[in-house]
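Take a look at the structure below.
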Amino acid sequence: MNIDQVVTQCQAAGVRLVRFLYCDNGCTIRGKLVPMERLAGRMASGQGLTLAMQAMNMLDQLQPVEGMGPVGEIRLVPDPDSLVILPYAPHSAAMMCDMIKLDREPWEACPRSFLKRMIARLADAGMTMQAAMEGEFSLFREEAPGKYVPIDTGLCFSTISMTAAADVVDAMVAAFEAQGISVDAYYPELGHGQHEMPLRHAPVLRAADNQIWFRETIRSVAAQHGIIASLAPKPMPDQAGNGCHIHWSLWDLEGKRNVLYDPADPYLLSKVAYHFIAGVLTHLPGLLALTTPSYNSFRRLQPHFWSSAYTAWGPDNREAAVRVASGVWGSEATSINMELKSADSSSNPYLALGGLIAAGLDGVRRELTVGDPALIDPGNYSDAERAARGIRRFPTTQAEALDALEADPVLMEALGPVLANAYITVKRSEYAAFSAEDIDFEIKHHIYKF
Ligand code: GLU
Ligand code: MG
């Protein structure tokens with residue numbers, strides 16, 4: 001799509017305001033709006049934004065990051081191909097933006113440009129990535145200020161929960177349809193009021209954009225039904241957490257051959273697949289700071305909660321950090337894919353997916369190898385067995401994961417010093433803020449922001 005096509009499509013849909021959106025270092029979705037008569041010009045010139053916004057945490061506390069103060073600005077330049085007409089806001093459309101400097105180069109602190117850089121590195125290695133994120137979310141009614149009660153207490157995959165949520169879920173599916181986003185499945189999950197709606201896979205940049213539309217759509221449609229939808233990793237400490245598992249497959253540059261697949265291997269995996277898994281597991285402690293980045297994320301990552309808690313991999317092992325997802329009958333070659341369980345919707349999807357590529361590519365470049373697959377819950381091995389298999393427990397707090405990120409030269413190089421420094425500063429400030437308060441404060445803010 002080009003600018004004219006965006007304008008024509010918005011006019012046809014009766015749009016008045018267009019959201020220019022980005023996801024920041026606190027992983028909050030923010031943006032500015034442009035009226036229709038300014039749209040073409042503003043798409044070409046970008047919408048001005050203070051560069052301090054990449055130093056803002058999820059509590060709107062501006063952090064002291066060098067070069068991100070009151071002086072200086074960047075431009076939010078929308079990607080025309082990301083256009084969606086919003087079914088949940090009147091006369092509104094939205095696009096995802098890159099952060100571009102006044103010299104027209106991508107800003108070093110732009111998360112979406114970071115993902116594009118990693119996609120380019122993947123292409124240099126002869127590969128492209130398809131990805132899908134499968135978001136779980138909790139549906140609540142706010143019975144009194146701050147008192148969130150799940151809309152159902154039904155069992156996992158139970159019809160009682162389906163019916164309890166049928167109206168709002170129908171509206172969610174309709175809203176995705178209206179935005180041209182394909183839903184892959186829907187089911188009630190284990191936790192009270194917990195539901196899941198994976199989207200179809202797409203080229204990885206589009207998959208990241210789709211995760212933004214997912215967060216926006218789920219929350220907004222629920223709000224129209226008087227329901228609070230939260231994608232927070234652990235909105236109820238005594239219930240299952242909300243993951244947002246990342247599925248991915250690697251393809252040749254033409255997108256014709258799934259390079260993860262090798263029919264001669266017992267798990268149908270190619271050498272590249274094993275190297276990529278090894279890279280992800282090697283870098284996982286630091287990668288978690290990108291894929292499960294919030295204070296609340298680490299309440300979810302517990303052994304035996306199907307969220308993953310160890311650096312293990314295994315075929316269809318839902319307690320392993322990397323599950324090798326079995327392929328579709330008869331089309332294994334095209335459908336075999338990997339799933340990172342240690343990911344949630346409090347992430348910035350551009351950072352999460354870019355970090356995943358950087359980690360995996362390092363494994364491919366260095367030809368790293370994996371240990372034996374975990375064929376049982378890795379939490380059920382003894383400490384000695386885990387040690388012998390090279391399986392490590394994840395960092396158990398946001399602060400530890402951020403330390404691991406800072407100590408990981410591959411991820412730090414990939415992010416680059418400007419983005420890495422701003423991100424780590426912002427996230428450490430969130431750790432300081434939440435660890436100084438009680439659990440109610442943590443839950444309230446994560447339920448509301450994600
Ligand atoms: N709710 C689980 C999690 O925290 C995932 C359950 C499943 O879909 O396997 O990731
Ligand atoms: Mg699930």
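Just so you know, ligand 1 is whichever comes first in the structure, and atom 1 is the first atom listed for that ligand. Heavy-atom basis, side chains included; hydrogens, waters and symmetry copies ignored.
Using a 4.0 Å heavy-atom cutoff, Glu134 is absent from the residues neighbouring ligand 1.
In summary, Glu400 and Lys427 do not engage in a salt bridge, as defined by a charged side-chain N under 4.0 Å from a carboxylate O. With salt bridges taken as basic N to acidic carboxylate O contacts below 4.0 Å, one links Asp79 and Arg206. With respect to the salt-bridge test (charged N to carboxylate O, under 4.0 angstrom), the residues Arg366 and Asp362 qualify. Lys234 has no carboxylate O lying under 4.0 Å from a charged side-chain N of Asp344, or vice versa, which leaves the two without a salt bridge. A salt bridge does not link Glu134 with Lys341: none of the charged nitrogens is closer than 4.0 Å to a carboxylate oxygen. Using a 4.0 Å cut-off between charged nitrogen and carboxylate oxygen, Lys116 and Asp98 count as a salt-bridge pair. Electrostatic pairing of Asp383 and Arg393 does not count as a salt bridge here, judged by no charged N lying under 4.0 Å from a carboxylate O.
Atom 4 (O) of ligand 1 has Arg300 NE, 2.8 Å as its closest protein atom, hydrogens excluded (heavy atom only). When hydrogens are left out, the protein atom nearest atom 8 (O) of ligand 1 is Glu189 OE2, 3.0 Å; that is the closest non-hydrogen contact. Among all non-hydrogen protein atoms, the one lying nearest atom 9 (O) of ligand 1 is Lys341 NZ, 2.9 Å.
Interface of Gly243 with ligand 1, defined as ligand atoms under 4.0 Å from a residue heavy atom, comprises 3 (C), 4 (O), 10 (O). Atoms of ligand 1 found under 4.0 Å from any heavy atom of Trp306 (numbered from 1 in listed order, with element): 2 (C), 3 (C), 5 (C), 9 (O), 10 (O).
When the Mg ion (ligand 2) is compared with the N/O/S atoms of Glu189, atom OE2 turns out nearest. The closest approach of Glu196 to the Mg ion (ligand 2), by N/O/S atoms, is made by OE1.
Considering backbone and side-chain atoms alike, Glu136 places an N or O below 3.5 Å from some N or O of ligand 1. An N or O contact shorter than 3.5 Å links Gly241 to ligand 1 by distance. Note: an N/O pair closer than 3.5 Å links His245 and ligand 1 by distance alone.
Between the side chains of Ser326 and Asp316, a donor-acceptor pair is found at a separation under 3.5 Å.
For the Mg ion (ligand 2), the N/O/S atoms of Glu136 include one lying under 2.8 Å.
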